[in-house]
Every structure is written in C-alpha cells, then in structure tokens.
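Chain A is the first sequence line, chain B the second, and so forth, proteins listed ahead of strands; every chain is numbered from 1. What you see below is based on every heavy atom in this structure, not just the backbone, and it leaves out hydrogens, waters and symmetry mates. Only a predicted model underlies this, so the values are computations on that prediction, with no experimental measurement involved.
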Amino acid sequence: MEFERPLAELEDKLASLKRVDLTDQPELAAEIAELEAEIGRIRETLYTGLTPWERVQIARHPERPKTDDYLASLFTDVVELHGDRLFGDDEAMFAGFGTLRGRRVAVLGHRKGKNTHENVRRNFGSSHPEGFRKAERLMHLADRFGLPIVTFLDTAGAYPGIEDEDRGQALAIAGCLAALSRVRVPVVVTAIGEGGSGGALAIGFGDRLIMLENAYYSVISPEMCATILHKDARRANEASACLQLTAADLLRRGLADEVVPEPLGGAHTDPPAVIEAIGDALDAALVSLAGISREALVVARYERLRAIGEFTGE
Amino acid sequence: MEFERPLAELEDKLASLKRVDLTDQPELAAEIAELEAEIGRIRETLYTGLTPWERVQIARHPERPKTDDYLASLFTDVVELHGDRLFGDDEAMFAGFGTLRGRRVAVLGHRKGKNTHENVRRNFGSSHPEGFRKAERLMHLADRFGLPIVTFLDTAGAYPGIEDEDRGQALAIAGCLAALSRVRVPVVVTAIGEGGSGGALAIGFGDRLIMLENAYYSVISPEMCATILHKDARRANEASACLQLTAADLLRRGLADEVVPEPLGGAHTDPPAVIEAIGDALDAALVSLAGISREALVVARYERLRAIGEFTGE
Amino acid sequence: MPISDWFKAREQRRYTAPTTTVSVADVPDGVWVRCEGCKRTLYMGDLERSEMVCPSCGKHHDITAPERLALLIDEGTFAEMDADLSSGDPLDFTSGKAYADQVVAAQERTGLPEAIVTGTASIGGHRVVIGVMDFRFIGASMGSAVGEKIARAFEMAATLRHPLVMVTASGGARMQEGMLSLMQMAKTSAAAARLAEMRVPYVAVLTNPTMGGVTASFATLADVIIAEPGALIGFAGPRLVEQTIRKSLPKGFQTAEALLEHGMIDMVVDRRELASTLALVLGYLQPGDE
Amino acid sequence: MPISDWFKAREQRRYTAPTTTVSVADVPDGVWVRCEGCKRTLYMGDLERSEMVCPSCGKHHDITAPERLALLIDEGTFAEMDADLSSGDPLDFTSGKAYADQVVAAQERTGLPEAIVTGTASIGGHRVVIGVMDFRFIGASMGSAVGEKIARAFEMAATLRHPLVMVTASGGARMQEGMLSLMQMAKTSAAAARLAEMRVPYVAVLTNPTMGGVTASFATLADVIIAEPGALIGFAGPRLVEQTIRKSLPKGFQTAEALLEHGMIDMVVDRRELASTLALVLGYLQPGDE
Ligand SMILES: [Zn+2]
Ligand SMILES: [Zn+2]
C-alpha cells in the first residue's frame with residue numbers, strides 16, 4: 001500500500017545487507033542491528049498512527065480475510081442457501097446456516113473473491129438486487145425458526161448498473177432494512193472490511209455491531225465524497241477523515257459496540273488470530289443476547305435505531 | 001362459431017328473402033314467416049342443448065364481455081395498481097381497487113384485449129410470473145386493510161414461455177395459491193369466460209365461486225387433453241365432454257356455488273344484462289360473507305378446500 | 001407389496017431396473033444395464049450400490065418411492081399413513097385408456113395403492129413427516145387421493161410440530177379427475193400455507209421430473225428447496241413451450257441446475273449425499289414459537 | 001417563513017420560480033419564464049394556475065414543500081409537527097462548503113428549518129399524517145433531523161392510526177453527517193416496518209428527484225407508491241451508473257415511467273390530479289384490525 005512505501009524501502013535495504021558475507025565486513029553487523037531497530041520504530045509509528053484513508057486501504061487489501069475465511073474457520077456444518085426465488089442467485093451475497101462454537105445461526109455476508117475468476121462471478125462483492133432479496137429471504141427464515149443472525153460486512157457498495165436499477169436495487173435494499181428491523185431473533189453484525197453505504201447497511205445493523213480495527217463503514221465512498229466536494233477523487237484522503245468512518249469513530253459515537261484489534265500492519269498479516277478474535281467477540285455477543293425474549297429484542301433494536309442521530313430542537 | 005353455421009345459413013336466406021319486394025311476390029310473406037319460426041325453433045334447440053365444446057367456443061368468443069367491461073360497468077372509483085415491485089408490470093392481470101354498489105373491494109382479473117393491439121400488450125390474457133406476483137401483492141394488501149377480494153377469471157392459462165419458466169412461473173402461481181388460502185377477507189370468484197388450469201386457479205378459488213352459464217373451468221385445455229389422449233388436438237370436442245368443465249358440471253360437484261344464466265347464443269348477445277346479473281350475484285355473495293369474522297373466514301375456506309376430492313379409503 | 005412388507009423384506013430388496021432411463025441389456029438375468037447418461041454398460045450391482053447414480057457419469061436414474069424411503073430414512077422408523085387411500089374414478093373417465101383400468105394397472109405394476117407414500121419417520125435422528133411420490137404410478141399425477149394424502153401429511157406435521165419432507169416427482173395434475181385434480185393444487189397449497197403460519201419447517205426435494213400443477217403448488221412452497229442433479233423441473237412441459245415459442249429450447253432448460261442459477265431452488269444435491277444433507281438442514285429448522 | 005405564517009399568507013402566495021428547471025426570462029418582474037421541457041416562454045400566472053405543470057408540454061416543474069402542502073391538503077387542516085427540529089453539525093464537517101453554513105443558508109433561502117415539513121392534515125376529508133420533502137434544502141438529503149422527523153411522523157401515524165402520506169424528493173443520505181445519516185435509512189425503514197405491522201396504511205408520492213438512501217429506505221416501503229410524471233427515481237445517481245458501466249444510459253432511464261414499466265411503482269399521476277387520486281386511494285386504505 002502507498003503509505004507503506006518508506007517501510008518497504010528500508011526492508012529492501014535490510015534484505016540486501018543481510019545477503020552480504022559478514023566475515024568480510026564485520027562493521028556491517030552494527031549497521032544491520034541499527035536498521036532493524038529503525039524499522040521496528042517506523043513500523044510502530046506507521047501503524048499506530050494510521051490515518052482514516054490508510055485504514056480504508058488496509059480494509060481493501062486483497063489478502064485481508066474475507067467472509068469465506070470466517071465461514072471456513074469459525075463455522076461447522078455450513079449449509080449455503082441459494083436464490084431469491086424470483087430471478088437469480090447472486091454470488092456476491094452469502095446466505096446460509098452454520099454452527100458457531102455449538103450455536104446454530106443464520107449467516108449472511110458480502111462475498112469478495114480470492115482471485116479474478118471468483119471476483120468476476122461475485123461482482124467484486126457488490127450485490128445485485130437478487131443478493132439483497134436472497135438475504136431478506138434468509139432473514140424471514142431465521143425469524144420463523146428462531147435462528148440468531150450473524151452478518152459479515154465487506155462490500156464497496158451495491159452495484160450501480162442499469163439492470164440493477166431496472167430490477168429495483170433500491171427496493172431490494174429497503175426490503176432488507178424493513179425485515180432486519182423486525183426479525184425476532186438476535187442480530188449480530190461484524191464489519192470485517194469495507195462497509196460501503198446502502199449495500200452494507202442492508203445486512204449491516206442489528207443488536208450488536210462488532211468492527212475490526214481497520215474496517216470502515218461509511219455513508220459514501222471517500223472517492224465519491226471527494227468528487228462531490230472537490231470535483232477530485234484524489235482528495236479521498238481528506239474526505240476519509242471528514243466522514244468519520246473508522247471503527248474508532250463509530251465506537252466513539254455509540255454506533256459500534258466493540259472494536260476488535262488487528263495485528264500491526266492489518267488483519268492480513270495474521271488471519272488466523274483475527275478470525276479467532278472475531279469468533280470470540282461474536283460468541284460473547286450471542287451469549288449476551290441469548291436470554292432476551294423475542295419481543296424485547298425487537299423493541300430494543302427499534303429503540304437503538306431510534307436513538308441514532310444528533311440534531312437541535314426536541 | 002362452427003356449431004352456429006346451420007343457423008347462420010338460414011339467417012342469410014331470411015335476409016335475402018326480406019330484400020325482395022313483397023308487392024311483386026306476395027306468396028313469399030308466408031315463406032318468410034315460416035322461416036322465422038324455423039329459425040326460432042333451431043335457435044332454441046341449438047343453444048339449449050349446447051355441448052361442452054360449444055360452450056368452450058362461446059367462452060372464447062371475441063365479443064364476450066371481458067374483465068374490463070365488468071370493471072367499467074359494475075365498479076366506480078376504480079384505482080388500478082401496477083407492478084410486482086420486483087421485475088415488471090403485467091398487463092394480462094388487472095389488480096386494483098373498486099367500489100361495487102357502495103362496497104369497497106380489491107379486484108383481480110385476467111385481462112384479454114378488445115383488439116390485436118391490446119391483445120399483444122396483454123399477451124392474449126395469459127399472465128407472466130409478474131402478473132401473478134402483482135396479484136399476490138394485492139392479496140396481501142387486501143388482507144392488511146380488510147378489503148374483500150373479487151376476482152374475474154378469463155384466461156386460457158399461464159403463459160408457457162422460456163423466460164416465464166426461467167422467472168419462476170410455477171413459484172409465482174404457488175405464491176398466489178398460498179396467499180389466497182390465508183387472506184382474512186372474503187374472496188368471491190367469478191368465472192366469466194375461460195378458466196384455464198393453474199393460471200386461472202391462481203386467482204380462482206375462495207369463499208364463493210360464481211360461474212357464467214357458458215364459462216368453463218378446466219384442469220387442462222381440451223386441445224391439450226385431446227393431444228395427450230389421442231395425439232390429435234382436433235378431438236377437443238370429445239375431451240371437453242370428458243373433462244366435465246362446464247359451469248353445470250362444477251355446480252353439480254359442489255365446486256361452483258351459483259351459475260348465472262346467459263341469453264340464448266351467449267353473453268356477447270346482451271352484455272349489459274349479463275354484466276348486471278354478475279353484479280347481482282357478486283353483491284349477494286359479498287353480503288352473505290360480510291358478517292363472518294376474519295378467523296372464521298379462513299377456517300371455512302380451508303375446510304371448503306379440504307373437502308374437495310373423491311377417493312376410496314378413509 | 002405394501003410398504004410395511006417391503007421394509008420387512010428389505011434384506012432382499014433390489015432396485016427396480018428403471019426401464020424409462022436404463023435399458024436392460026440382453027445379457028442373462030438383467031445383470032448388465034446400459035446407462036442412458038454415458039451409454040456405458042454397467043453391472044446392476046454397482047449401480048445399486050451407488051443408489052442408482054451412474055458411478056461413471058453421475059446420471060441420477062429414477063428410483064421408486066420405496067427405494068427412496070429406504071435411502072433417506074433411519075432404518076425401522078417409518079410408519080405409513082393413509083395406506084388405504086386410493087383413486088376413485090369420479091368422472092367415469094373412459095376417453096383414451098379407461099382411468100379405472102389405469103389405476104388398477106399402476107397398482108399392480110408398482111405394488112403401491114397410490115402415487116405417493118406418506119408417513120412418519122426419522123432422518124438422521126430428526127423426527128419428520130415424509131411424503132414420497134412415485135412417478136411410475138400414472139406419472140405421479142396429482143388427483144384427489146394424492147392431494148388428500150399430501151394435505152393429511154401437512155396436517156400431521158402441524159399436529160406433531162415435526163418438520164415435513166416432501167420428495168416430489170410428478171407430471172402435474174391428474175387430468176382424468178378434471179377440476180377435482182386442479183383443486184388439489186389449491187388444497188395442498190392451503191395446507192402448506194397453514195403449516196408455514198404455524199412456523200413448522202417444510203423441506204422439499206424435487207426429483208426428476210417435477211412439473212405442472214405440483215411445481216406450481218405445494219412443491220415450491222417449502223422453506224428450503226433441494227433438487228437432484230439433472231432433474232427436470234418446471235411449470236409447462238418442454239414440448240408445449242417449444243410449440244408456443246416456435247423455437248428450440250436452450251440447453252439445460254428446466255433442469256435443476258438452471259433453476260439454481262435462476263434463483264428458484266436452494267441447492268442441487270447428489271443423491272448419495274441427500275440423506276446427510278437433509279439431516280444437516282433439519283438440524284437448523286426447528287419449529288419456531290407460535 | 002414558518003409554515004403557519006405561510007398558510008396565513010396563503011392568499012398572497014406565489015409559486016417559487018424554480019430556477020433549477022425554469023429560467024426566469026429577462027422580462028420585467030420575472031413575469032415570463034421559460035419551460036425547460038418545451039423551451040416555450042410562459043406567463044408565470046398560467047404556470048401557477050396549472051400547479052407548475054407546463055400547460056403546453058406537461059412538464060412537472062419542481063415545487064416547494066409549502067406549495068405541495070397547499071396543493072394536496074384540505075385548506076386549514078394542517079398542524080405542523082416538530083417544527084423546531086433542525087440539523088446540528090455532529091461531525092464538524094468543514095470540507096468543501098462548511099456544513100453549518102450550508103444549513104443556515106438553506107434555512108434563509110427556503111424559510112424552512114429543515115428539508116422536510118411534517119404534520120397532521122386532511123386530504124379529501126381523510127385524516128392523515130403527512131411529510132413533504134423540499135429539495136431546495138441541501139438537496140433534501142436525509143441527515144439526523146430529517147430522519148428524526150420522518151420517524152416521528154411514522155410513529156404519529158401509528159399512534160393515531162391514521163394513514164401516512166410521504167411526498168419525497170431527495171438526493172439521498174446527507175453525507176455531511178456521515179454514518180449518522182446512513183443509519184437514518186435503517187431508522188426510517190424500521191419505523192415504516194413497525195407501522196406496516198400495525199396495519200396502518202402508508203402511501204408514498206415520489207417526486208423529482210428521489211434518489212439514493214431515501215429511495216432505498218422508507219420511500220419504497222409504502223403500501224401504494226405513486227410517482228409524478230418524469231420524476232427521476234433510483235438508487236445510484238445516473239452519472240455514477242454511466243461511469244460504472246461505461247456506456248450511455250438508455251432514454252428514460254430512472255424516470256417514473258420506466259419504473260412503472262419495471263413494476264416498481266403503482267402509478268404515475270399528473271400533479272393536477274394528485275390530490276383527488278390520493279383521496280381516492282385513501283378511501284380504500286382503512287387501517288386494518290390489529
Ligand atoms: Zn452413466
Ligand atoms: Zn413546457
């Protein structure tokens with residue numbers, strides 16, 4: 001990633017130094033040690049003081065763990081359900097059942113691919129209306145049979161295509177919002193990467209919101225915000241900061257309930273640890289919601305949503 | 001229509017006789033009188049002893065009053081609702097609200113056109129999945145807001161196209177059947193022309209079934225039945241008789257509640273009278289259902305359906 | 001043979017060589033059959049051991065209702081319901097082959113009283129009500145008796161609050177019972193809708209072929225819809241569609257795989273994994289609160 | 001000018017010459033305006049008398065929330081709700097034009113505290129709760145205050161069991177309030193879903209333009225959806241769609257008429273018939289039993 005370049009240069013230098021035979025040039029040993037210390041300091045500074053835009057880039061890192069990775073590592077007995085029963089099956093949206101540490105749940109998740117082939121099939125994680133309608137179908141199933149809902153957010157947004165508009169992208173998203181607000185089962189949302197606008201929100205609110213440290217969740221993409229404000233998408237850096245889209249921002253505002261830390265450099269540097277940490281957070285959230293009655297859950301979720309917003313007057 | 005040909009020939013002869021100047025040939029007056037009497041006798045025989053296949057032909061007569069005619073004559077304050085909110089609006093299916101003699105109801109009806117242009121737009125009255133999904137949407141609306149449902153059947157059947165199959169024709173019909181069986185409002189069905197198979201049934205059962213004398217309602221088209229049985233669609237005449245598809249047949253079996261008589265020759269010979277008679281029957285049916293509680297309606301409709309069928313064993 | 005006897009004779013059971021899709025080759029004792037999928041000659045014993053799925057090409061050959069039950073349910077758990085229900089001839093339908101004769105012939109050929117077998121059973125330890133249609137019986141078309149057995153199965157599931165599993169195969173409504181058959185679509189759909197209102201799960205398994213009035217009623221009203229690979233599933237028959245649109249049908253039209261792509265079914269499951277998949281799905285579908 | 005005063009001054013009211021779609025011609029006193037639909041020069045008085053619908057080409061020019069209210073509701077029946085609610089600046093958003101300044105400027109320009117006016121009223125004798133958005137106010141984008149007023153309107157409809165009528169126009173979520181704005185989509189949808197569960201009717205009137213987070217939330221969750229002719233309605237903005245697919249958009253894309261054809265809305269109604277159509281529809285939508 002762009003902001004990692006100074007670090008990468010030092011690391012390259014270190015690597016070449018290490019290739020030298022130290023028996024010929026013993027004075028290099030000290031230089032190497034110093035360089036290693038320097039790299040450690042820079043790494044620390046670089047990743048602890050990440051700007052929002054840098055976090056957005058980490059959230060988009062191609063090696064970052066994806067919905068599929070969480071499904072594979074955290075869940076047993078996974079059953080994928082396909083189709084909206086209306087028009088198609090959208091591979092950009094996972095819908096199904098799974099068992100998380102012994103607990104049966106319904107799972108929804110945006111689905112980016114691991115490679116170009118998968119990404120083409122999955123439209124790079126941007127759902128068509130069929131994906132949202134499949135998600136809504138699963139919400140109703142979960143509600144009928146008392147399965148808690150766990151969702152994984154990782155999308156740049158709903159796909160803005162001609163056919164998507166013609167087939168009611170807006171209505172499909174609205175349908176999810178209405179359904180998710182009324183399901184009488186616990187809903188736990190995890191933001192694991194990108195949280196782009198309405199396409200993320202469609203499966204992106206509930207009784208708990210857990211965010212990875214470098215996940216972002218935003219009303220608009222930084223690039224489009226910059227385009228609107230400055231007619232210059234390259235000012236996304238600045239826009240990212242204005243939008244308050246980081247996990248820390250959401251936690252501070254009470255929109256997120258918990259931020260799960262990532263290793264230095266981002267989740268992709270140690271996927272197993274990050275996935276396990278999300279598993280712990282999910283499990284704890286589900287435990288905390290397990291005793292609440294169906295009616296109380298819906299009332300509490302409604303009140304949670306109703307409380308969001310800052311305005312003047314009363 | 002084919003079976004009317006002998007009558008038509010006599011009527012032609014009568015017409016030519018009447019063009020003759022009787023002052024020259026006074027002996028013709030007696031001949032004319034006799035011919036008129038003969039025509040009356042034939043007409044009486046022809047139309048009172050109609051075969052099922054002849055009734056099917058009358059039910060398909062292009063001049064027969066259609067859903068649009070009933071809408072225009074019987075209802076005031078008609079509001080048409082469009083669209084399935086998913087993919088399209090199907091003009092082969094009318095959905096909306098109307099007021100019948102002061103009573104507000106939801107209206108569904110198969111819609112044939114009056115001319116080629118209309119028929120192309122309306123696919124000759126054969127619905128696509130969108131038509132059934134629009135109908136299902138209206139059923140739910142009527143249920144939510146306590147509007148009795150009145151339906152008009154007049155379709156050769158659901159359209160058997162490639163795209164229709166791909167977009168779930170079967171599921172769309174099944175959705176209507178499920179919804180119509182559970183709506184907590186009165187449902188009165190009128191069979192005014194063709195009642196072709198699943199496409200008719202989708203809006204074709206309820207708490208009362210009123211049939212016009214020459215309307216038919218059948219599990220399969222006579223032509224397709226003949227093709228299956230005899231590999232010869234021209235034996236539809238024979239198949240029509242076997243299928244017991246006339247209004248009288250349905251009344252006898254308890255599937256229809258009432259048969260509204262048509263004038264000699266069929267409904268197209270006096271549309272206003274037929275439409276008014278259907279209005280009377282509809283009104284009476286709605287009155288008879290008006291006092292029943294929502295729960296009792298659904299239970300009674302379920303029991304009505306459950307009682308249908310003749311088999312051995314218990 | 002009644003189902004109960006059939007289960008007793010389970011040790012001796014043999015799959016029916018399904019003449020519709022597998023042609024018994026002219027080798028002694030019908031021991032060799034030819035797969036219509038890959039045209040290879042297979043040893044019937046091998047085909048049986050892989051549940052009538054061709055070990056070579058994966059083609060799923062049609063199987064009978066008793067064979068299906070034996071594959072799906074936990075041994076010894078099946079209790080048949082409504083075994084004495086069978087078709088009358090309400091329309092005295094004699095055009096073509098007389099309907100009454102067809103019924104008797106089907107009963108003799110299949111050993112079944114009707115085109116569907118229903119009962120209570122367990123699948124992977126999950127108590128269910130189950131119905132399995134048998135295409136050999138007048139194309140498993142749905143007349144009064146079939147509709148009645150289906151409606152009763154839904155009602156039994158409602159009463160017991162056990163999930164319902166329906167394994168379908170059907171040419172559609174049974175035209176020889178006229179409007180009584182068409183109304184079975186409404187009757188079975190009403191029973192399915194009532195069960196759904198009660199939050200009792202319903203899983204459908206669509207097998208080859210499931211068409212017409214069955215697809216357009218209870219079969220597709222399930223919470224989860226599974227289909228077997230290659231199964232023909234649709235509303236209108238392919239020949240009617242072809243005649244109507246006057247062009248040839250696209251490859252794979254109305255197959256389970258096409259329906260999956262068009263979003264109409266949840267999954268396509270190999271027969272050899274069907275029982276375990278059903279058990280897995282049933283584990284998630286516990287009846288909800290009323 | 002507060003709505004109450006505005007109604008008092010009704011006799012003197014004039015439609016705003018909507019500079020976005022009608023350009024005031026350089027004739028004295030702005031008495032003549034040019035219609036952007038047909039490019040003809042119209043006498044403003046004629047345009048006003050036809051409710052800002054061009055008498056020549058039928059183009060529906062944008063109108064303000066007070067103008068809309070005056071057109072739709074029975075005279076003297078409007079009681080405004082939550083008139084003191086307006087936007088804060090929770091993110092201290094200063095990139096581009098400072099948000100706080102934008103709000104003040106919009107308030108001064110429109111005389112409205114926020115981008116939506118809500119209240120109780122009658123339409124053709126039917127008691128309703130009504131909300132009308134005003135596109136002049138920062139594109140009637142939905143921030144916290146707009147979302148709050150909408151949620152309260154849904155809740156008032158629930159309490160009174162009176163139908164809700166929402167007249168929308170919006171560019172979508174208000175980005176200057178960040179995630180607080182996005183969450184208003186969920187909040188308003190939840191309020192709409194709750195009202196629907198209570199079987200209280202909800203009619204939406206989508207006017208030009210209704211886009212983004214408003215279309216994708218409460219606006220399309222109505223029981224009956226009406227749109228004005230030619231209104232632009234969609235999720236993604238046309239420019240974004242064009243950039244994404246890299247080809248030009250089909251004619252009529254995202255218009256009310258296209259949405260009607262695609263089955264997304266119930267009807268397209270001429271503004272001059274909107275009040276009577278609403279009254280007609282409301283006559284059918286009586287709150288159902290709970
Ligand atoms: Zn093979
Ligand atoms: Zn004009």
> Could you go step by step and tell me if B:R122 and B:D68 meet the salt bridge (charged side-chain N to carboxylate O under 4.0 Å, His left out) rule?
Replying inline: CA-CA 12 Å; B:R122 298 177 178 183; B:D68 281 357; 2.7 Å; yes

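- With a 4.5 Å cut-off on non-hydrogen atoms, B:R294 touches chain D through its side chain but not through its backbone.
- Side-chain contact between D:T188 and D:M142 is present, with at least one heavy-atom pair separated by less than 4.5 Å.
- A salt bridge does not link B:D90 to B:R133: none of the charged nitrogens lies less than 4.0 Å from a carboxylate oxygen.
- Between the side chains of D:S181 and D:R174, no donor-acceptor pair is found at a separation under 3.5 Å.
- Few gaps surround CZ on B:R101; more than 12 heavy atoms of other groups in view lie less than 6.0 Å from it.
- D:T277 does not touch chain B: none of its heavy atoms, backbone or side chain, sits under 4.5 Å away.
- Using a 4.5 Å cut-off between heavy atoms, B:D143 contacts chain D through both its backbone and its side chain.
- Contacts of B:L147 with chain D are made by side-chain atoms alone, with heavy-atom separations under 4.5 Å and no backbone atom involved.
- Between B:V187 and B:P148, the closest side-chain pair of non-hydrogen atoms is not below 4.5 Å.
- When heavy atoms are compared at a cutoff of 4.5 Å, D:E261 approaches chain B solely by way of its backbone atoms N, CA, C and O.
- No hydrogens or angles considered: a donor-acceptor pair under 3.5 Å links the side chains of B:T99 and D:Y284.
- With a 4.5 angstrom heavy-atom cutoff, D:I265 touches chain B only via backbone atoms.
- Only the backbone of B:E80 comes within contact range of chain D, with at least one heavy atom under 4.5 Å from a heavy atom of that chain.
- Residue B:F87 touches chain D through its backbone alone, counting heavy-atom pairs closer than 4.5 Å.
- Only the backbone of D:V200 comes within contact range of chain B, with heavy atoms under 4.5 Å apart.
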